Amino acid sequence: PAIFAQQGECLFRALESEMLALHSLASPQGRILSTGGGAVLLAANRQRMHRAGPVVWLHADPEVSAARIEGDSNRPLLKGVDPLAKARELTAIRTPLYEAVADLKVDTGRRSVQEAVDDIRAFLSESGHV
């Protein structure tokens, strides 16, 4: 939130891309890289994600996302906006990008954390990554 507030989203996205590039190139087997939802916006990031290993998209419907983040002051993209409207907007923009890069989509809105973890483990095991 501090980077967004002081230097803007463009610098934040540049730093995010730089970190993804560093970690995806040096990523040993078994390492998990967790990106923010907006990392997928840049084509270079999508390529890095794809090269780094299987990409798991943790998805939730906009209504679920908005309910989860309601009142969270650490969400710079939500400052002064309707959380549900913003969640719908971001989902509309990001969904086709995640669909293009993700090897597995896990619906976190309708599943418990343990169920989501089980889905991911099963996928990684079946695909030879565990």
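Here the structure is a predicted model, which means the values were calculated and not measured.
Heavy atoms only, all atoms of each residue included: Arg48 and Ser17 are closest at NH1-O, 3.8 Å. Residues Ala39 and Arg13 share a closest heavy-atom pair of N-NH1, 4.0 Å.
A distance-only check finds a donor-acceptor pair linking the side chain of Ser127 to the backbone of Leu124 [under 3.5 Å]. Checked by atom type and distance alone, the side chain of Asn45 never pairs as donor or acceptor with a backbone atom of Val40 at under 3.5 Å. Judged by distance alone, the side chain of Asp61 and the main-chain N or O of Val64 form no donor-acceptor pair under 3.5 Å. Judged by distance alone, the side chain of Glu115 and the main-chain N or O of Ser112 form a donor-acceptor pair under 3.5 Å.
Within the 4.5 Å cutoff, no side-chain heavy atoms of Leu104 are placed close to those of Pro54. No side-chain heavy atom of Tyr98 sits less than 4.5 Å from a side-chain heavy atom of Arg46. Annotation: side chain of Leu41 is in contact with side chain of Leu97 (closest heavy-atom distance under 4.5 Å). In this structure, the side chains of Gln47 and Val101 stay at 4.5 Å or more apart for every pair of heavy atoms. Within the 4.5 Å cutoff, no side-chain heavy atoms of Val56 are placed close to those of Asp103. Annotation: side chain of Pro62 is not in contact with side chain of Glu89 (no heavy-atom distance under 4.5 Å). Taking the side chain as every heavy atom from C-beta outward, Asp107 and Leu58 never approach each other to under 4.5 Å. Leu20 is listed as a side-chain neighbour of Thr35, based on a closest heavy-atom distance under 4.5 Å.
Distance check: Glu9 CD to Glu16 CD gives 9.0 Å after rounding to the nearest 0.5 Å. Between the CD atom in Glu99 and the OG1 atom in Thr95 there is a gap of 6.0 Å [rounded to 0.5 Å]. Taking OG1 of Thr91 as the start and NE2 of His59 as the end, the distance is 6.0 Å to the nearest 0.5 Å.
Transitive grouping of hydrophobic side chains (ILVMFWY, heavy atoms separated by less than 4.5 Å) brings Ile93 and Val55 into a common cluster. Residues Val117 and Ile120 are members of separate hydrophobic clusters, defined by side-chain heavy-atom contacts under 4.5 angstrom among Ile, Leu, Val, Met, Phe, Trp and Tyr. Connection of Val81 to Ile69 is established within a shared hydrophobic cluster, with ILVMFWY side chains joined at heavy-atom distances below 4.5 Å, either directly or through further cluster members. Under a hydrophobic-cluster definition in which Ile, Leu, Val, Met, Phe, Trp and Tyr are linked whenever side-chain heavy atoms come within less than 4.5 Å, directly or via other members, Phe12 and Leu90 are assigned to the same cluster.
Checking Arg68 against Thr108 by side-chain atom types alone, a donor-acceptor pair falls below 3.5 Å.
A salt bridge does not link Arg111 to Asp118: none of the charged side-chain nitrogens sits closer than 4.0 Å to a carboxylate oxygen. Between Glu63 and Arg88, at least one side-chain nitrogen of the basic residue sits less than 4.0 Å from a carboxylate oxygen of the acidic one, meeting the salt-bridge criterion.
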